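Bear in mind that the values here come from a model prediction, so they are computed numbers and not experimental data. Every chain is numbered from 1 and lettered A, B, ... according to where its sequence line falls, protein lines coming before strand lines.
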Protein chains: 2
Amino acid sequence: MKRNTWQREAVREALGSNEGFVSAQSLHSSLRGTGSPIGLATVYRALADLAVEGEADSLQSLEGESLYRACTPGQHHHHLICRNCGLTVEIEADAVELWAKSVAAEHGFTQPNHVVDVFGLCAACSRTAGEE
Amino acid sequence: MKRNTWQREAVREALGSNEGFVSAQSLHSSLRGTGSPIGLATVYRALADLAVEGEADSLQSLEGESLYRACTPGQHHHHLICRNCGLTVEIEADAVELWAKSVAAEHGFTQPNHVVDVFGLCAACSRTAGEE
DNA sequence: GTACTATTGATAACGAATCTCATTACAGTT
DNA sequence: AACTGTAATGAGATTCGTTATCAATAGTAC
């Protein structure tokens, strides 16, 4: 049976209070920073669980680590992510969904999945970058 | 100045003789298997170089490792990849390019990049999977 | 051939993620 | 409220992909 622990709740809250994607490591250290004695392994486990349950999205950063973010559950969506500050916007893309399906079918592929993410500089970071 | 070594050439060839994406590690061991004394670090370096020069595509496997594949250079494209056997088809997707750009612009994002890959089971693997 | 230096490669170092296992504490039962 | 079974925790060890180190090697220009 699944149990409710303050640790899981702490991870859920920490995730929710964050605008962008965060790594398990940084989430752990920020929790530690607030005085919580939560363990690193527990953070990893909680994040993996949340991802499975659909309460969190995950993606691979360009450096290879997994990043997580609270998401609106039950709905397939993609992300527009600021390379600089991590700000993330959820985007829907029915057109892309259909495209992925048809491309797969065209080549005889079945059970299509897809990874679609857009990276860029958000308005604020674009402004900052332009000034230097 | 950049030099031509047999090591780089060996990596380029090994990449080209492969249909799907391969990891640096497996490329290294297959080269070693053919009697080449090439070092692991060199394989990593050569692959990184090829990726920068546009002669190779790279993506992150779900297990976190980087995979590489020879590609038709100078042209932006995406991939349709078999989850099971690694067979890869290069696909063009002008519609998706435009979509990514417009979505980014809509939210004030500049310098948009995107990651678009479709995973599935290729025709052959679909058949096999259906039989068991 | 000589000199310069980019490249190599064995190995150490690094870092993210997972595993181990004794301990803890949640959640039903009595 | 005490009891009990077991899911969950966490410190530390471990794994594994990748990168850094640095002395030795070997392209390339002259």
Side-chain angles (χ1 to χ4, degrees), chain A residues 1-15 18 20-53 55-69 81 83 86 115 117, chain B residues 1-15 18 20-53 55-69 81 83 86 115 117:
Chain A
M1 124 147 351
K2 192 146 180 268
R3 295 176 183 176
N4 293 327
T5 62
W6 64 264
Q7 286 97 333
R8 269 189 217 286
E9 198 48 44
V11 170
R12 198 198 309 268
E13 272 185 34
L15 246 204
N18 214 306
F21 280 83
V22 254
S23 69
Q25 306 263 359
S26 71
L27 206 65
H28 174 244
S29 62
S30 73
L31 280 166
R32 281 300 183 93
T34 67
S36 168
I38 193 169
L40 178 59
T42 303
V43 174
Y44 274 102
R45 283 187 284 239
L47 287 173
D49 285 355
L50 289 173
V52 167
E53 292 161 19
E55 290 195 61
D57 288 318
S58 68
L59 60 80
Q60 306 284 330
S61 81
L62 302 172
E63 295 83 41
E65 55 181 351
S66 289
L67 302 181
Y68 296 86
R69 179 171 182 274
I81 304 154
R83 255 196 296 279
V115 177
D117 288 301
Chain B
M1 130 151 340
K2 191 143 180 266
R3 294 176 183 176
N4 292 329
T5 62
W6 63 264
Q7 286 96 334
R8 271 189 218 288
E9 198 48 45
V11 169
R12 198 197 309 269
E13 272 186 34
L15 246 204
N18 214 306
F21 280 84
V22 254
S23 69
Q25 307 262 0
S26 71
L27 206 66
H28 174 244
S29 62
S30 73
L31 280 166
R32 280 301 183 94
T34 68
S36 169
I38 193 170
L40 178 58
T42 303
V43 174
Y44 274 102
R45 284 187 283 241
L47 287 173
D49 284 355
L50 289 172
V52 166
E53 293 161 19
E55 289 195 62
D57 287 318
S58 68
L59 59 80
Q60 307 284 329
S61 82
L62 301 172
E63 293 84 41
E65 55 182 351
S66 290
L67 302 181
Y68 296 87
R69 177 172 184 274
I81 305 155
R83 255 196 296 279
V115 177
D117 289 302

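- Here the CD-CG distance, from B:E13 to B:N18, works out to 13.0 Å after rounding to the nearest 0.5 Å.
- For the pair B:E63 CD and C:dA16 C1', the interatomic distance rounds to 15 Å; values are reported in whole Å.
- We find that CG of A:D49 is positioned 15 Å from P of C:dA17, with the value rounded to whole Å.
- No side-chain heavy atom of B:V52 sits under 4.5 Å from any side-chain heavy atom of B:L50.
- For the residue pair B:S26 and B:S29, no side-chain donor N or O sits within less than 3.5 Å of a side-chain acceptor on the partner.
- Taking every side-chain heavy atom of B:Q7 into account, C:dT8 is the closest of C:dT8, C:dA16, C:dA10.
- Put simply, the side chain of A:R69 never gets that close to the backbone of A:V22: no donor and acceptor are under 3.5 Å apart.
- Within 4.0 Å (heavy atoms only), B:I38 reaches sugar-phosphate atoms of the nucleic acid but no base atom.
- With the end axes of the helix from C:dG1-D:dC30 to C:dT30-D:dA1 each set by five pairs, the angle from one to the other reads 40° at 10° resolution.
- Within the 4.0 angstrom heavy-atom criterion, base atoms lie near B:R45.
- For B:T42 and C:dG9, the shortest distance from a side-chain N or O to OP1 or OP2 is below 4.0 Å.
- Using a 4.0 Å cut-off between charged nitrogen and carboxylate oxygen, B:K2 and B:E53 count as a salt-bridge pair.
- Each of B:Q25 and B:K2 has a nearest nucleotide on DNA chain D; the 5'-most of these lies closest to B:Q25.
- A donor N or O paired with an acceptor N or O is not found under 3.5 Å between the base of C:dG28 and the side-chain atoms of A:R3.
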Legend entry - CA sep, side-chain torsions, deciding dist, call: A:Y68, A:L27, side chain to side chain contact (heavy atoms under 4.5 Å, CB included): CA-CA 9 Å; A:Y68 296 86; A:L27 206 65; over 6 Å; no

Legend entry - Derivation and outcome, side chain to side chain contact (heavy atoms under 4.5 Å, CB included), residues A:H28 and A:I38: CA-CA 8 Å; A:H28 174 244; A:I38 193 169; 4.1 Å; yes

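- A:E63 contributes atom CD, which lies 10.5 Å from atom OG of A:S23 (distance to the nearest 0.5 angstrom).
- From the 5' end on, the contacts that DNA chain D makes with chain A at under 4.0 Å to a non-hydrogen atom open and close at D:dG5 to D:dA11.
- Between A:M1 and A:Y68, the one whose closest nucleotide on DNA chain C sits nearer the 5' end is A:Y68.
- For the pair A:W6 CH2 and C:dA27 P, the computed distance is 15 Å after rounding to whole Å.
- Residue contacts shown for A:S23 are absent, as no nucleic acid heavy atom lies under 4.0 Å away.
- At whole-Å resolution of the value, CG in A:L47 and P in C:dA16 are 14 Å apart.
- Which of C:dA17, C:dA10, C:dT20 sits closest to the side chain of A:Y44 comes down to C:dA17.
- Here the side chains of A:L40 and A:Q25 are in contact, with some heavy-atom distance below 4.5 Å.
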Inset, instruction - Test side chain to side chain contact (heavy atoms under 4.5 Å, CB included) on B:R12 and B:E55 and set out the steps. - result: CA-CA 9 Å; B:R12 198 197 309 269; B:E55 289 195 62; 2.7 Å; yes

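- As a whole-Å value, the separation of B:E65 CD from C:dA16 C1' is 14 Å.
- Rounded to whole angstrom, the span from the NE2 atom of B:H28 across to the P atom of C:dG9 amounts to 8 Å.
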